[in-house]
Protein chains: 2
Amino acid sequence: MKEFIRVMKALSDPNRVKILKMLNRRELCVCEIQAGLGLAQPTVSKHLKILEDAGLVQKRKEGLWVNYRLGDGDSSPYAATLLGNLKHWLNDDPEISAILAQVPDLNRDAICSRQ
Amino acid sequence: MKEFIRVMKALSDPNRVKILKMLNRRELCVCEIQAGLGLAQPTVSKHLKILEDAGLVQKRKEGLWVNYRLGDGDSSPYAATLLGNLKHWLNDDPEISAILAQVPDLNRDAICSRQ
DNA sequence: CTCCTATATGCCCATGTATTCATATATCCG
DNA sequence: CGGATATATGAATACATGGGCATATAGGAG
């Protein structure tokens, strides 16, 4: 039960849903997600921790950067199912499509050194 | 997006999940749900309203009673999908199975007049 | 209409959550 | 080592949420 609730709570915030939709396109570092959402960096880190605890995302260190990608579903069947659903959901949502449109142009080298 | 968030928030509370699992067995009135959960009656009414606003349950008046059943999925595709998933999920959870075991014995006539 | 019962709503309180700022940690480079 | 950069953590604050009590609403019985 707690595991299920953790996944549902993680999916109950629009900014976290936006993060998942972004990561559905490609792996991203924290500063790239920050640029896409327009939030403060600590806020993004906390959202990512909540998503990670729910098994919805995984992180991979690459030097100074931390790359986040969608979870593989091993840690939670609920997360795996919902990630599958989310691939088809919300693509027509104006907020989502606006953010997804700028994902290809997110460049960590252009973003991070200007924080 | 708001519709999706509404469904996820509705599913983010253990008592509301328990209500859905109970209604998966059969239609129930408020006092029967109250007896199953052990909560105050107004609390149950508020949970039911949140579930109804998300499209997860529907109500049907029958005289003095209000019978709640699972939503038919017409109001929200997200609710419809999650209700389908929930049918298979959490059946082995101790909290859930304990409540489901007593659903067949819930009797509105025996419960409600003793409030 | 009056009384009774089942449910809904308003108010209040305790707790949880999202956010930001300031600061700590970690990693690379010289 | 020391400095710079990317990310994480802690404290503080505004707001949302779950809970119960008191009360309002709605429908049936007499």
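Residue numbers start from 1 in every chain, and the chains themselves are labelled A, B, ... in the order their sequence lines are given, proteins ahead of strands. Just so it is clear, the structure is predicted and the values come from calculations on it, not from any experiment.
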Exercise. Are A:Ile50 and A:Leu70 connected in a single hydrophobic cluster, I mean Ile/Leu/Val/Met/Phe/Trp/Tyr linked by side-chain heavy atoms less than 4.5 Å apart?
Worked result: no
Seminar exercise, completed: Of B:Gly63 and A:Val30, the one whose nearest nucleotide on DNA chain D sits closer to the 5' end is A:Val30
Exercise. Quick check: are there more than 12 heavy atoms from other residues, nucleotides or ligands sitting under 6.0 Å from CZ of A:Arg25?
Worked result: no
Exercise. Taking CG from B:Leu64 and C1' from C:dA8, how many angstroms apart are they, rounded to a whole number?
Worked result: 12 Å
Problem set entry | Selected nucleotide, minimal atom distance to B:Gln41 side chain, candidates C:dT9, D:dT9, C:dA8 | C:dA8
Exercise. Checking side-chain contact (heavy atoms from CB on, under 4.5 Å) for the pair B:Ser76/B:Val7: CA distance, chi angles, key distance, verdict?
Worked result: CA-CA 9 Å; B:Ser76 167; B:Val7 174; 3.8 Å; yes
Exercise. Atom CG of B:Leu51 to atom P of D:dT17: distance rounded to whole Å?
Worked result: 14 Å
Seminar exercise, completed: To the nearest angstrom, the CD1-P distance between A:Ile5 and C:dT17 comes to 11 Å
Exercise. How do B:Leu48 and A:Gly38 order along DNA chain C: which one's closest nucleotide is nearer the 5' end?
Worked result: B:Leu48
For this session: Examine C:dA8: is either OP1 or OP2 under 4.0 Å from a nitrogen or oxygen in the side chain of B:Ser45? Give yes or no.
Result: yes
Problem set entry | Nearest-Å distance for atom pair NZ/C1', residues B:Lys49 and D:dT17 | 16 Å
Exercise. Of the nucleotides C:dG10, C:dA6, C:dT20, which one has an atom closest to the side chain of B:Pro42?
Worked result: C:dG10
Exercise. Side-chain N or O of B:Lys61 less than 4.0 angstrom from OP1 or OP2 on D:dA26?
Worked result: no
Exercise. Please give, in whole Å, the distance from D:dT7 P to A:Leu28 CG?
Worked result: 11 Å
Exercise. Counting just side-chain N and O atoms, does A:Thr43 come under 4.0 Å of either OP1 or OP2 of C:dT20?
Worked result: yes
Exercise. Which value, rounded to the nearest 0.5 Å, describes the distance between B:Lys18 atom NZ and B:Asp13 atom CG?
Worked result: 9.0 Å
Exercise. Quick one: which of A:Arg108, A:Lys61, A:Arg26 gives a side-chain hydrogen bond (donor to acceptor under 3.5 Å, both in side chains) with A:Asn67?
Worked result: A:Arg108
Exercise. Any side-chain N or O of B:Lys9 less than 4.0 Å from the OP1 or OP2 oxygen of D:dT17?
Worked result: yes
Exercise. Does A:Tyr68 place a side-chain N or O at less than 4.0 Å from the phosphate oxygens OP1/OP2 of D:dA6?
Worked result: no
Problem set entry | OP1 or OP2 of C:dT7 under 4.0 Å from side-chain N/O of B:Asn67 | no
Exercise. Hey, is the side chain of B:Arg16 poking within less than 4.0 Å of OP1 or OP2 on D:dG18, counting only N and O atoms?
Worked result: yes
Problem set entry | Selected nucleotide, minimal atom distance to B:Lys46 side chain, candidates D:dA8, D:dG19, C:dT19 | D:dG19
Problem set entry | From C:dA6, D:dT7, C:dT19, nucleotide with atom closest to A:Leu39 side chain | C:dT19
Problem set entry | Rounded interatomic separation in angstrom, taking CD1 from B:Ile33 and P from C:dA6 | 15 Å
Exercise. Any side-chain N or O of A:His47 less than 4.0 Å from the OP1 or OP2 oxygen of C:dT17?
Worked result: no
Exercise. When the distance from CG of B:Asn15 to C1' of D:dG20 is rounded to whole Å, what number comes out?
Worked result: 13 Å
Exercise. Base, sugar-phosphate, or nothing for A:Ile50, non-hydrogen atoms under 4.0 angstrom?
Worked result: sugar-phosphate
Problem set entry | Gap between atoms CE and P, on B:Met8 and C:dT17 respectively (whole Å) | 17 Å
Exercise. From A:Leu106 CG over to A:Ile33 CD1, what is the distance, rounded to the nearest 0.5 angstrom?
Worked result: 9.5 Å
